[in-house]
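What follows is a set of notes on a single structure, which appears directly below.
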Amino acid sequence: MNMRKHNIAIRHFVKRDLANFVDRVQPELAPEALNLALITDTHDRTQLSRTYYGPNGFWHVQEQHWLAGELPIDWRVHLGDMVDGSEPSFLTEWRLKNMVSDYAADITPFVIAKGNHDDNDKFAEKNRRFAGSFHPAVFNDAVFARMANQVGGPTVTRHGLSWFDTPQIRVVTLNTSDVPVRWINGRKNYDVKKTLAVTLGQIQELIQVLADAGDRDVLVLSHAPMINKSGKPALKYNGRAVHELLRAVNLHAKGTVNLGNHPDFGGQADFDFTSTSGNIIAVLSGHYHYEADYAVNGIHYSVQNVSALMGRHHALTTRFNRNFDRHINQTNEYAGYVVSVDPNQRTLTIFGYGAATPERRFAY
């Protein structure tokens, strides 16, 4: 575990708040636990707002960096929507690269999930020709390549799935914006902001990574969950299929997953988990801008709150965040977590700071 004191410059009131969080959480972290510092949905942008998003998304990443040095954190995690994607492409790309550089500058390894805002399609939606949208290579080069190049970092696949191991746990991060991109008459075929999906290629990669987990239990990370709390698919394409694969891991089953006939998202894949003995711990996601914990067919889904500022009086603020009455330069401006998985006690504990629940604990 990487634990060290450092002098990263963060806001004084945040340092006081996070120091209190450290004092509260540190005695609760078992020596053998896997500990993740986790944030999601920073929605960073250059335009400052006192009520909704802004450059404080980058500040929250830097503050997570400071926190990771004060606790025995094994990995820093960002679950996507690093940027809001609402500004000209050169600004969004600049801010995205700066955020990733903060992760790369830490000695603690990092994993980042791709979010549906991270291809700048929110900005492109305002333009008749959908101008300003990123090609997937932008995120691949700025984020996935830097993840893969870390010493001791995760393995990153062609479709943006990544994974790493501890002796008892495998952590798999899915790409829920796995969308085949083509330009047709100068316009992109899919709006990635509106198209949460996993392709057959990534499902084949996932099957192999799950089958190779052996006796390890598996923690799944992703920007969006596969299934929502009403039990319906949360992805436009193949959410149910991924969910059924996770069920098959718990059942140590063998079979075929059928994705239908869609030209970009269809196909079928065989799986065989009869040689595995581990189970799915949980699926940790963001995207919805609130917190929730629910089980569907024995799979625990845990949704974490948006880090980015969502002021009470903004029209798009969720009820969860409206109840926090979040303000810039107050301790509810941000939201973040330390996720601790104790393989001996078989518990998943999520400690929250800022606009987050202080503690949620679950058995697996």
Side-chain angles (χ1 to χ4, degrees), residues 1-6 8 18 21-22 25-26 28-42 60-82 99-115 142-157 160-175 209 213 216-223 278 280-286 302 304 307 335-344 347-353 356 360 364:
M1 292 184 179
N2 296 316
M3 184 178 176
R4 73 277 179 208
K5 300 290 181 179
H6 46 29
I8 294 171
L18 294 185
F21 176 76
V22 168
V25 170
Q26 192 159 13
E28 302 294 323
L29 302 179
E32 63 277 4
L34 168 66
N35 299 318
L36 313 175
L38 184 151
I39 55 175
T40 186
D41 295 81
T42 42
H60 301 166
V61 167
Q62 294 174 308
E63 289 152 5
Q64 184 202 48
H65 190 165
W66 183 88
L67 177 66
E70 303 298 310
L71 287 169
I73 298 298
D74 300 294
W75 291 77
R76 289 176 67 193
V77 176
H78 196 302
L79 291 184
D81 283 358
M82 299 188 77
M99 295 177 85
V100 178
S101 291
D102 183 87
Y103 282 97
D106 197 352
I107 64 170
T108 304
F110 68 92
V111 291
I112 297 172
K114 187 175 183 179
V143 182
F144 288 148
R146 297 191 76 175
M147 282 170 53
N149 288 336
Q150 296 176 89
V151 176
T155 299
V156 183
T157 70
L161 176 149
S162 66
W163 58 272
F164 67 85
D165 286 337
T166 74
Q168 295 168 285
I169 300 166
R170 172 161 287 191
V171 179
V172 179
T173 304
L174 296 176
N175 175 12
V209 168
R216 292 181 176 91
D217 294 309
V218 178
L219 179 67
V220 179
L221 310 175
S222 60
H223 176 64
I280 302 299
I281 297 169
V283 180
L284 270 57
S285 304
S302 183
Q304 316 313 315
S307 169
Y337 303 89
V338 166
V339 176
S340 185
V341 185
D342 185 338
N344 293 346
T347 56
L348 166 70
T349 308
I350 305 171
F351 301 98
Y353 59 87
R360 293 174 282 165
Y364 69 87

Are side-chain N/O atoms of His60 and Ser307 paired as donor and acceptor at under 3.5 Å?
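On atom types as modelled, these side chains qualify, holding a pair under 3.5 Å.
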Whether the Arg216 and Thr166 side chains hold a donor-acceptor pair (N or O, under 3.5 Å, no angle test) is what I'd like checked.
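Absent: no donor and acceptor within the cut-off.
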Hey, what do you get for [atom1] ([X]) to [atom2] ([Y]), rounding to the nearest 0.5 Å?
X: Arg146; Y: Phe110; atom1: CZ; atom2: CZ; answer: 6.5 Å
X: Thr40; Y: His223; atom1: OG1; atom2: NE2; answer: 6.0 Å
X: Tyr353; Y: Gln64; atom1: OH; atom2: CD; answer: 5.5 Å

Sequence neighbours excluded, which residues qualify as side-chain contact (heavy atoms from CB on, under 4.5 Å) partners of Gln168?
Pro343, Asn344
So do the side chains of [X] and [Y] get within less than 4.5 Å of each other, counting heavy atoms only?
X: Arg76; Y: His65; value: yes
X: Leu71; Y: Asn35; value: no
X: Leu38; Y: Gln304; value: yes
X: Val171; Y: Val111; value: no
X: Val77; Y: Tyr337; value: no

Decide side-chain contact (heavy atoms from CB on, under 4.5 Å) for Tyr103 and Val143; before the verdict, give the C-alpha distance in whole Å, the side-chain angles of both, and the deciding distance to 0.1 Å.
CA-CA 10 Å; Tyr103 282 97; Val143 182; over 6 Å; no
Residue that, paired with Leu36, satisfies side chain to side chain contact (heavy atoms under 4.5 Å, CB included) out of Ile350, Leu219, Val338
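For Leu36, the side chain to side chain contact (heavy atoms under 4.5 Å, CB included) check succeeds only for Leu219.
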Applying the side chain to side chain contact (heavy atoms under 4.5 Å, CB included) criterion to His78, which one of Ile112, Asp41, Val100 satisfies it?
Ile112
Begin with the C-alpha distance, continue with both residues' side-chain angles, and end with the deciding distance and a verdict on side-chain contact (heavy atoms from CB on, under 4.5 Å) for Lys114 and Phe144.
CA-CA 9 Å; Lys114 187 175 183 179; Phe144 288 148; 4.1 Å; yes
Please walk me through it: do Thr349 and Ser340 pass side-chain hydrogen bond (donor to acceptor under 3.5 Å, both in side chains)?
CA-CA 5 Å; Thr349 308; Ser340 185; 5.8 Å; no
Any idea which heavy atoms bring Tyr364 and Leu348 closest together, and the distance?
CD2-N, 4.0 Å
Minimal non-hydrogen separation, Thr173 against Ala113, with atom names
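Scanning both residues completely, I find the closest heavy atoms to be CG2-CB, 3.8 Å.
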Over 60° means perpendicular and under 30° means parallel, so tell me whether Trp75 and Phe164 are parallel, tilted or perpendicular.
parallel
